[in-house]
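Remember, predicted model here, so these are calculated numbers, not experimental data.
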Amino acid sequence: MQLRVLGAHNVESRRTRMTSYLVDGALALDAGSLTRSLTHDELRGIRAIILSHRHFDHVKDLLPLGIAVRNEGVTIDVYAIQDTVDAVTETLMNGRLFPNFLALPSEDAPTFRMHTVKLYQPFRVLGYDVVGVPVYHSVPTAGFQIDDGSVRLFYTGDTGKGLWKAWEHVAPDALLTEVTFGNENAAGARASGHLTPNMLMDELDKFRATHGRLPETIITHLNPAWEDAVRRELAEVSAKSGHQFTIADADMRLDLSRDSMTVVEN
């Protein structure tokens with residue numbers, strides 16, 4: 001499985017892109033920076049999108065993606081929990097900002113087809129086995145485990161303290177998760193449903209207690225105001241625990257296997 005990081009921050013600027021990822025060139029995880037990161041040919045290769053939740057930095061590129069591919073004769077399947085489906089269809093896809101990409105044009109298929117995910121119930125997407133589990137955030141949010149038969153990736157979306165409750169339901173080889181704030185702002189992280197380096201290690205300790213190992217861990221959703229502190233504190237946690245973290249950055253490509261993870265390009 002190849003994971004391409006399109007954006008790894010929660011703020012958009014000249015040097016940062018909002019969170020979005022691409023699995024094997026066809027399955028997008030969240031839509032914060034799809035069109036800013038991909039060529040038109042690469043956008044045409046997207047066949048499905050899994051959305052973790054409804055916050056703007058995770059869904060904003062659905063509309064420009066729709067404009068980019070609406071005349072290509074393809075339909076992109078979008079999977080999300082009910083709260084996210086409702087928010088996307090009622091706000092972004094209501095035809096007021098851009099054309100209604102969910103309606104059937106006169107001679108074409110719809111640009112997007114929405115699918116409501118039931119938590120804990122496995123489903124298939126593009127040949128992957130996928131299961132969604134709830135994670136704690138300020139709005140209803142689901143993390144998703146994607147299994148291609150040889151490796152399991154769990155993408156948490158935005159999450160906070162209590163992530164350990166997911167470990168009963170997923171056992172990933174690779175974990176793609178967030179650290180938004182530094183340890184100094186633990187109170188803010190708890191209030192908004194995000195993680196700090198110390199909080200993440202607490203959740204990983206519970207993973208090890210459940211599964212007897214730790215997953216390869218990729219850190220994303222960095223807040224630029226806290227990024228220097230997060231990087232420093234993750235290094236401190238790593239030195240203390242012996243567990244290595246890979247901090248995601250835009251355009252990073254990772255080859256994931258059950259036993260290892262390799263950064264191919266950055």
Side-chain angles (χ1 to χ4, degrees), residues 1-9 15-34 36-39 41-43 45-50 52 125-131 143-157 159 163 166-167 170-180 195 197 200-201 203-205 207-208 210-222 227 230-266:
M1 180 187 293
Q2 185 172 93
L3 176 68
R4 181 175 174 183
V5 179
L6 305 181
H9 288 80
R15 77 168 191 88
T16 60
R17 303 179 200 163
M18 292 181 178
T19 46
S20 194
Y21 317 89
L22 194 61
V23 176
D24 296 331
L27 173 62
L29 306 178
D30 280 339
S33 56
L34 295 176
R36 182 177 171 187
S37 304
L38 299 173
T39 67
D41 284 343
E42 289 169 333
L43 292 173
I46 296 174
R47 290 294 176 266
I49 302 171
I50 294 175
S52 63
V125 180
L126 302 180
Y128 302 94
D129 291 314
V130 182
V131 63
F144 290 89
Q145 180 171 273
I146 298 98
D147 185 348
D148 69 355
S150 63
V151 64
R152 296 183 298 266
L153 168 69
F154 182 53
Y155 171 50
T156 67
T159 189
L163 177 61
W167 304 150
V170 298
D173 305 296
L175 174 67
L176 176 60
T177 192
E178 67 128 279
V179 176
T180 304
L195 291 173
L200 173 60
M201 199 61 226
E203 305 300 321
L204 288 173
D205 284 341
F207 185 101
R208 180 160 42 197
T210 301
H211 297 295
R213 60 179 177 84
L214 287 176
E216 298 282 355
T217 307
I218 308 157
I219 306 301
T220 187
H221 202 262
L222 299 167
E227 184 168 354
V230 165
R231 288 179 179 273
R232 181 181 66 254
E233 291 164 359
L234 283 172
E236 293 169 356
V237 169
S238 181
K240 182 177 179 180
S241 67
H243 185 57
Q244 299 298 310
F245 300 98
T246 298
I247 300 178
D249 201 2
D251 299 322
M252 178 182 284
R253 299 173 190 249
L254 304 105
D255 278 342
L256 307 179
S257 68
R258 193 160 297 254
D259 300 318
S260 65
M261 179 177 69
T262 304
V263 178
V264 178
E265 180 182 337
N266 187 8

- Applying side-chain hydrogen bond (donor to acceptor under 3.5 Å, both in side chains), name anything that partners Ser241, two or more places apart in sequence or on another chain. none

- Message: Using the side-chain hydrogen bond (donor to acceptor under 3.5 Å, both in side chains) criterion, which residues pair with Thr177? Sequence neighbours excluded.
- Response: Thr156

- Note on the structure: The residue among Leu27, Leu153, Leu3 that forms side chain to side chain contact (heavy atoms under 4.5 Å, CB included) with Tyr21 is Leu3

- Query: Do Leu204 and Leu175 have side chains that get closer than 4.5 Å, going by heavy atoms?
  - Reply: yes

- Which residue pairs pass the salt bridge (charged side-chain N to carboxylate O under 4.0 Å, His left out) test when at least one of the two sits in residues 230-243, sequence neighbours left out? Glu227-Arg231

- Item | For Ala171, all residues meeting side-chain contact (heavy atoms from CB on, under 4.5 Å), sequence neighbours excluded | Arg152, His211, Arg213

- Item | Option passing side chain to side chain contact (heavy atoms under 4.5 Å, CB included) with Ser20 (candidates Val5, Leu34, Ile49) | Leu34

- Polar side-chain atom of Ser33 near backbone of Arg36 as donor-acceptor pair, under 3.5 Å: no

- Note on the structure: With sequence neighbours left out, the residues meeting salt bridge (Lys or Arg N to Asp or Glu O under 4.0 Å) with Arg47 are none

- Query: Any donor and acceptor pair, going by atom type alone, linking the side chain of Thr217 with main-chain N or O of Pro215 inside 3.5 Å?
  - Reply: yes

- Query: Hey, is the main chain of Leu6 close enough, under 3.5 Å, to the side chain of Ser37 for a donor-acceptor pair?
  - Reply: yes

- Query: Taking the side chain from Ser238 and the backbone from His243, do they hold a donor-acceptor pair closer than 3.5 Å?
  - Reply: yes

- Task: Using the test side-chain hydrogen bond (donor to acceptor under 3.5 Å, both in side chains), find all partners of Gln2 that sit at least two apart in sequence or belong to another chain.
- Result: Asp255

- Is a side-chain donor or acceptor of Glu203 paired with a backbone partner of Leu163 at a separation under 3.5 angstrom? yes

